[in-house]
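We use all heavy atoms of the structure for the numbers below, so side chains are in, but hydrogens, waters and symmetry mates are not. Numbers here are sequence positions counted from 1.
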Amino acid sequence: MSEKTQNKAHTIVVSNEKGGTGKSTISMHLAVALEQEGFNVAVVDLDGRQGTLSKYIDNRNKFCRQKNIKLATPALYSYAPQEDYALIPASRNNIHERIKELQKEYDALIIDTPGTKNYLFDEAHQHADTLITPMTDSLIDLNVMADIDFDSSTIGKPGHYAAFIWDIKKQMAAANRGYLNWIVVGNKTSSHNSKNKNVVFEYLERLGKLFGFRFTPGLKDRLIYKELFLLGLTVLDMQHPQLQMKMTMSHIAAKREIRSIAEFICPDSAAQ
């Protein structure tokens, strides 16, 4: 990530029109990676009702207080959707203005979106410079990207999520906002070199050429990510001078995965 220009944060939206893909894990690790690099980072949890990312940061702040330790921690802003339909336009406008304000205050803004499409989900994408879409290695999850006939290996029309992103790209072009850096990241994938995973990754590589995104294998489904969530920690924290936590081979591999994603997303800001 280059230095902030024109007093506007680089805005990274982490999104998939499906729950359970690990958006909050990627959001948190990327935010900590950028904080450790010296960037001033804020995260915006637009899935405030479930609040997974908010809970992650709450756990981190609690851990720091208990251990009397200071860890690189992004600022948190959390919002839940308005349930009164009559109030949605005003709520969306408020979120729009708040994001604009935050873009002036921080170097990087990471927005974690709901797993279902609503006005907060839509609003987040209006501000994206980089879009990160986590995908599991499930053939079913590919449906959000495209209609695929696996028997004939034929890719049909775009899925509802890919079509939505195409509309966002058109809106950006019409507004002369430049190029959307869309990255699809494998997440919570099998540790084994399974046929199913290979098929999913092969199709994501093909879809990337059609829809204009880059694909990286990303994070495997490791227990360590779940364990660290409870402490509010990331694999990037484990060698902190005041922690010096023992790192197993799984921890080391997980840290390499995070570093690889950071390098893929923003080469100048990989976690060290």
*Taking it one step at a time, do Ile111 and Ile99 satisfy side chain to side chain contact (heavy atoms under 4.5 Å, CB included)?*
CA-CA 9 Å; Ile111 303 178; Ile99 290 174; 4.0 Å; yes
*Test salt bridge (charged side-chain N to carboxylate O under 4.0 Å, His left out) applied to Asp221 and Lys226, step by step*: CA-CA 9 Å; Asp221 189 14; Lys226 301 178 180 69; 3.0 Å; yes
*Passes side chain to side chain contact (heavy atoms under 4.5 Å, CB included), Ile57 versus Met28? Steps please.*
CA-CA 8 Å; Ile57 292 181; Met28 185 65 171; 3.8 Å; yes
*Could you give me the CA-CA distance, side-chain angles and deciding distance for His29 and Leu219, then say whether side chain to side chain contact (heavy atoms under 4.5 Å, CB included) is met?*
CA-CA 11 Å; His29 278 79; Leu219 308 183; 5.8 Å; no
*asked:* I'd like to know whether Leu53 forms a side chain to side chain contact (heavy atoms under 4.5 Å, CB included) with Ile110, so could you lay out the CA-CA distance, the side-chain angles of the two residues, the decisive distance to 0.1 Å, and finally the verdict.
replied: CA-CA 11 Å; Leu53 182 57; Ile110 298 176; 5.9 Å; no
_Stepwise salt bridge (charged side-chain N to carboxylate O under 4.0 Å, His left out) check, Lys170 with Asp167_ = CA-CA 5 Å; Lys170 289 192 294 184; Asp167 286 339; 3.5 Å; yes
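Side-chain atoms of Gln36 and Asp237, non-hydrogen and from C-beta on, do get closer than 4.5 Å to each other. Counting heavy atoms from C-beta outward, Val200 and Met135 have side chains that stay 4.5 Å or more apart. Counting only heavy atoms from C-beta outward, the side chains of Met145 and Val184 approach each other to under 4.5 Å. Within the 4.5 Å cutoff, no side-chain heavy atoms of Pro158 are placed close to those of Trp166. Using a 4.5 Å cut-off on side-chain heavy atoms (C-beta onward), Tyr119 and Asp122 make no contact. Looking only at side-chain heavy atoms (C-beta outward), Lys67 and Gln242 stay at 4.5 Å or farther from each other. Taking the side chain as every heavy atom from C-beta outward, Arg206 and Phe215 never approach each other to under 4.5 Å. In this structure, Val13 and Thr113 have side chains that are in contact, with non-hydrogen atoms separated by less than 4.5 Å.
Across all non-hydrogen atoms, the minimal contact from Gly48 to Ser78 is CA-OG, 3.7 Å. Lys23 and Pro114 get closest at one heavy-atom pair: CE-O, 4.1 Å. Among all heavy-atom pairs drawn from Phe201 and Pro217, the shortest one is CE2-CB, 4.0 Å. Nearest heavy-atom pair across Ser153 and Tyr203 is CA-OH, 3.1 Å. Taking each heavy atom of Tyr106 and Ala9 in turn, the nearest pair found is O-CB, 3.1 Å. Nearest approach of Gly115 to Asp47, heavy atoms of both residues: N-OD2, 4.2 Å.
With sequence neighbours left out, the ring-ring contact (aromatic ring centres under 6.0 Å, His included) criterion links Tyr79 to no other residue. Contacts of Arg49 classified as salt bridge (charged side-chain N to carboxylate O under 4.0 Å, His left out), with partners at least two apart in sequence or in another chain: Glu83. With sequence neighbours left out, the side-chain hydrogen bond (donor to acceptor under 3.5 Å, both in side chains) criterion links Tyr161 to Ser15, Thr133. Listed by chain and residue number, Leu228, Met245, Met247, His251 satisfy the side chain to side chain contact (heavy atoms under 4.5 Å, CB included) test with Met238 (two or more places apart in sequence, or in another chain). Under the rule for a ring-ring contact (aromatic ring centres under 6.0 Å, His included), Tyr77 has no partner lying at least two apart in sequence or in another chain. Residues meeting the side-chain hydrogen bond (donor to acceptor under 3.5 Å, both in side chains) test with Asn181, sequence neighbours left out: Thr130, Arg214. Remark: Phe121 pairs with His125, Phe164 by the ring-ring contact (aromatic ring centres under 6.0 Å, His included) rule, at least two apart or across chains. Qualifying side-chain hydrogen bond (donor to acceptor under 3.5 Å, both in side chains) partners for Lys195, counting only residues two or more places apart in sequence or in other chains: none. For Phe63, there are no ring-ring contact (aromatic ring centres under 6.0 Å, His included) partners at least two apart in sequence or on another chain. Residues passing the side chain to side chain contact (heavy atoms under 4.5 Å, CB included) test with Ala254, sequence neighbours excluded: Arg222, Ile224, Tyr225, Val235. In this view, Asn93 satisfies the side-chain hydrogen bond (donor to acceptor under 3.5 Å, both in side chains) rule with no residue, not counting sequence neighbours. Residues satisfying the salt bridge (charged side-chain N to carboxylate O under 4.0 Å, His left out) criterion with Glu123, sequence neighbours excluded, are Arg92.
No donor-acceptor pair closer than 3.5 Å links the side chain of Asn187 to the backbone N or O of Pro134. A distance-only check finds a donor-acceptor pair linking the side chain of Asn59 to the backbone of Phe229 [under 3.5 Å]. Under a 3.5 Å cut-off, the side chain of Asn196 and the backbone N or O of Asp137 do form a donor-acceptor pair. Checked by atom type and distance alone, the side chain of Arg259 never pairs as donor or acceptor with a backbone atom of Ala33 at under 3.5 Å. Remark: the backbone N or O of Ser54 is paired with a side-chain donor or acceptor of Asp45 at under 3.5 angstrom. In this structure a side-chain-to-backbone donor-acceptor pair under 3.5 Å is present from Arg177 to Ala128. A donor-acceptor pair is defined here as one N or O able to donate and one able to accept, closer than 3.5 Å; no such pair exists between the side chain of Thr136 and the backbone of Thr189. In this structure, Lys62 contributes its side chain and Gly232 its backbone to no donor-acceptor pair below 3.5 Å.
Between Thr11 and the options His127, Gln103, Gln126, a side chain to side chain donor-acceptor pair (under 3.5 Å) holds for only Gln103.
The CD1 atom of Ile132 lies 5.5 Å from the CD1 atom of Ile12; values are rounded to the nearest 0.5 Å. Summarising the geometry, atom CG belonging to Leu210 is positioned 12.0 Å from atom CD belonging to Glu205; distances are rounded to the nearest 0.5 Å. How far CD of Gln50 is from OG1 of Thr116: 9.5 Å, rounded to the nearest 0.5 Å. Here the CG atom belonging to Leu71 is positioned 6.5 Å from the CG atom belonging to Leu233, to the nearest 0.5 angstrom. A distance of 7.0 Å separates CG of Asp141 from CG of Asn16, quoted to the nearest 0.5 Å. Interatomic distance, CD1 of Ile148 versus CG of Leu207, reported as 5.0 Å (0.5 Å rounding).
When hydrophobic clusters are built by joining Ile, Leu, Val, Met, Phe, Trp and Tyr residues whose side-chain heavy atoms come closer than 4.5 Å, directly or via intermediates, Leu223 is not grouped with Leu236.
Salt bridge Lys100/Glu97: absent, no basic N to carboxylate O contact under 4.0 Å.
For Ile140, the CD1 atom is loosely surrounded, since the number of other residues' heavy atoms within 6.0 Å does not exceed 12.
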